[in-house]
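The structure under discussion appears below in the form of C-alpha cells.
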Number of protein chains: 2
Amino acid sequence: MTTIRDVARQAGVSVATVSRVINGNSYVNKDTESRVREAIQVMDYEPNTVARGLASKKTGTIAVILPDIMNPFFSELARAVEDTARHHKFTVIFCNSDDQAPKEKLYIQVLQQRYIDGMIFASNTLDEEDIQTMRGHGISLVVLDRAPRRGNCSIIRSKNVEGAKTAVQHLLSLGCRKIAHIAGPEELITAQERKQGYLDTIRHLKGFDPALIVPGHFSISGGIGAAQALLEYHPDVDGIFAGNDLMAAGALKALHRMGVSVPEQVSLCGFDGVAIAEMTEPELTTVAQPIYEMGATAAKRLIGRIRGETEEPSVTELDVQLVERDSTKRRVRR
Amino acid sequence: MTTIRDVARQAGVSVATVSRVINGNSYVNKDTESRVREAIQVMDYEPNTVARGLASKKTGTIAVILPDIMNPFFSELARAVEDTARHHKFTVIFCNSDDQAPKEKLYIQVLQQRYIDGMIFASNTLDEEDIQTMRGHGISLVVLDRAPRRGNCSIIRSKNVEGAKTAVQHLLSLGCRKIAHIAGPEELITAQERKQGYLDTIRHLKGFDPALIVPGHFSISGGIGAAQALLEYHPDVDGIFAGNDLMAAGALKALHRMGVSVPEQVSLCGFDGVAIAEMTEPELTTVAQPIYEMGATAAKRLIGRIRGETEEPSVTELDVQLVERDSTKRRVRR
DNA sequence: ATGAAAGCGCTAACAA
DNA sequence: TTGTTAGCGCTTTCAT
C-alpha cells in the first residue's frame, strides 16, 4: 500500500505539500503540483479515508435512517440518496429503524463514533435532545418526509395536506357521496396531515361521519383489514382515500375478495406514487410525490451543509400531483 | 468527547490496559478490569471507531453491492443483511451498481480506501482480478445470488435450475401444451440457469420451439414487451414461465391488456417470491426463494470469515419452493 | 498482569 | 510557497 510519504519521497517534497495538492486548499507552485500529481499517478496512490477521517474528523460518509428499506417508498428514497451521494463522492450507510425509537438512538450513537458527516432521517422519533447531541458532534442533519415536532433543522417534505385535499376533491368531483379514509399511524406527521386534508375537505359536507376514518398502519395488511372493517359497517361507502399506496393496494385486494368492484362500486385513491400502484388491476389513482427528487434534494442539501455552503436550516415543500388511473371513475350523480 | 486516555487516568491505569479490557483479548486482573469498567461507565466512554480502524485496519463495516435497491428482491436481501450485520455490531454501506462493471470497480476502489472488512456482492461482473485485489487487501468476500465464473470465494445462491424445472413441470401437470419462457439477461447466471431448467424439462417434448424463449430483462417493462411479442407470434401459448416475478407481473399486465385471461387461457408462473407477486390480480404462482434467509446467511458467513471463524470458501445452495396461487390453474387435457 | 511507546496515514498549525 | 511536527484516538509490540 502506498502512502502519502511514498508519494512525497517520489516527488521530492514534504507530505504537507502532497496533502495540499490532494485537498487543493492551499497554494502550491504549479511545477511542484504537477510533480506531485505525476508521483501520485506513478505510484498509483489513493488517500486512505480512515486516516483522513481521524485527522480531520470528516469521513465523507453520510447515513440514512429509514423505517424499512423494503417499503418501496423508502427504497426509492434510498436509491436517490445513494446516487446523489456517490456523485459527490460520499458513501452512504443505511439503517432500518422500524420506527422504533431505541433503534434510532442506537444508530445515532454508533454513527457518532464513526465520525459520520451527516444524517438523513426519514424516520420519526427524533427529539430535541437528539438534534442537539448531533449538532454538538458536528453532524449535519436533514429530516426527510417526516418532520420532527420542532423544526430547527433542514427539512424536505411534500405537501401532504394539499395532496389529500386534491384526492378527496377528485373523489367528490366523480360523484362519490360517502368517502372513507384509511389512515396511517397517528404518530406520524405525514399520516396526520393526510387525514387533516381529508377532514378539511369533507368535514362540513352532509353525510360526513368520523367513523369513516379507519386505521391501516401504512401497510398492505393494514389496508386489507381497514377495507374489510369499513365495508362491513358501512356497505354504502362509494369512495376511499387511502393514506398511502400500500394501504390502497391492500384495500383493493380486500374489496376484490368481498366482491366489491373498483371503480364501479367504490372509487379508490392512494398516496405516494410508488411503482406497485401500477401493478394492481385496476391500476391505482394516486397522489404522487416526487419521491426520487425528495431523496436527491435531501442528499444535496445535506452535502451542502456539510461543506458549509448552505447556512441556515430551511424547509422545502415539494409539490404533489394527482395521477388519475383506473381505480377512480366518474359516476352518475344521484 | 472522552477518549481512552481519560478513562485510563480515571481508572489509574494505562491506556493499554483499557484497550485490553475493551477488546478482551488479553488477560487483565479482575480488580483492574472492574475499575476500568467502572471508569468507562462513569465517563460515558465510547471507543472511537475511526481511530480503531486506523490502528487495527478493522472497521466493523461491510458493504453490500447490489444492482438496484428499488428491485424488491434486492431490497429484501439488503434488509436481511442489515439486520444481521447490526446484530453482530457491524455497519453496512450499500451501493447500487446497475449491473455496470465500471461502477462496481469504482466501489471496490473506494471501499478499499475505507478499510472495509468485507463485501457482499449481489451483482455480476466480478472477475478474478477483482477477487485477488480484494484478497490482497484482506477484504473478505461473499457472492450472493449471482455466482462469479470461477468460484474461489464463498457463495450463497439458490437452486435455480431445479426451481425452474419445478415450475415448468407444474405447468405441464396442469395440462399446458405450449409453454413459453420469458428469460432474464443472458449474461446473468441466474437467468441462464432458469432458462436451463426450462429447456431441460421441455426440450424433448413435442411442440417445443426455441422461439418460445423471449427476453424480458428481469424488469416489469421487459415482461410486458415479452408477453406482447409472444402472443403476437404464438397466440396459442397456454403457459408462461417467467424468469422472475417482475417479468411475470409485467406479462400479466400485458395479457390483461390484450384480453387474454389468466389462468383460463394462459397459466403464468414467476420466480423469486417477492411481495409484489401477491399484489396482482390474479395473484402469481411463483417459485419462491428464501430471500431473507439468503441475505442473512450471506451476512453471517461474511462476518464469520472476517472474524476468522470460518476458513475456506464454501458454496451454499438454498432450496426453493413452488407457491401455487391463482395465476396457474388445472385445465382439461385435450 | 501492566505500562511505555511506537506507530496507523493523514491534516493542519506554525515556521521558515 | 514549502517543510517540520504535533497530533487525531486507538492497537500492539516489547519490556518489566
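Letters A, B, ... mirror the listed sequences (proteins, then strands); counts begin at 1.
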| Sole candidate of B:N71, B:L144, B:I156 that passes side chain to side chain contact (heavy atoms under 4.5 Å, CB included) when paired with B:L77 | B:L144
| query | Base, sugar-phosphate, or nothing for B:S19, non-hydrogen atoms under 4.0 angstrom? | reply | base
| message | By nearest atom, which of the nucleotides D:dT11, D:dT2, C:dG3 is closest to the A:R20 side chain? | response | D:dT2
| remark: Of the candidates D:dT2, C:dG3, D:dC10, the side chain of A:T32 sits closest to D:dT2
| remark: Of the listed C:dA1, C:dG3, D:dT1, the closest approach to the B:N29 side chain comes from C:dA1
| request: Looking at every strand, decide which applies to A:V13 at a 4.0 Å heavy-atom threshold: base, sugar-phosphate, or nothing. | output: sugar-phosphate
| Quick one: is B:R52 getting a side-chain N or O under 4.0 Å of the D:dT11 phosphate, OP1 or OP2? | yes
| request: Would you tell me if any nitrogen or oxygen in the side chain of A:K57 comes within less than 4.0 Å of OP1 or OP2 on C:dC10? | output: no
| task | Using heavy atoms to find the nearest nucleotide of DNA chain C for A:I22 and B:S26 separately, return the residue whose nucleotide is more 5′. | result | B:S26
| So do the side chains of B:T84 and B:F90 get within less than 4.5 Å of each other, counting heavy atoms only? | no
| task | Walk me through it: do B:D98 and A:R79 pass the test salt bridge (charged side-chain N to carboxylate O under 4.0 Å, His left out)? | result | CA-CA 11 Å; B:D98 291 318; A:R79 171 78 210 218; 2.7 Å; yes
| Closest to side chain of B:A55, choosing from C:dA12, C:dA4, D:dC10 | D:dC10
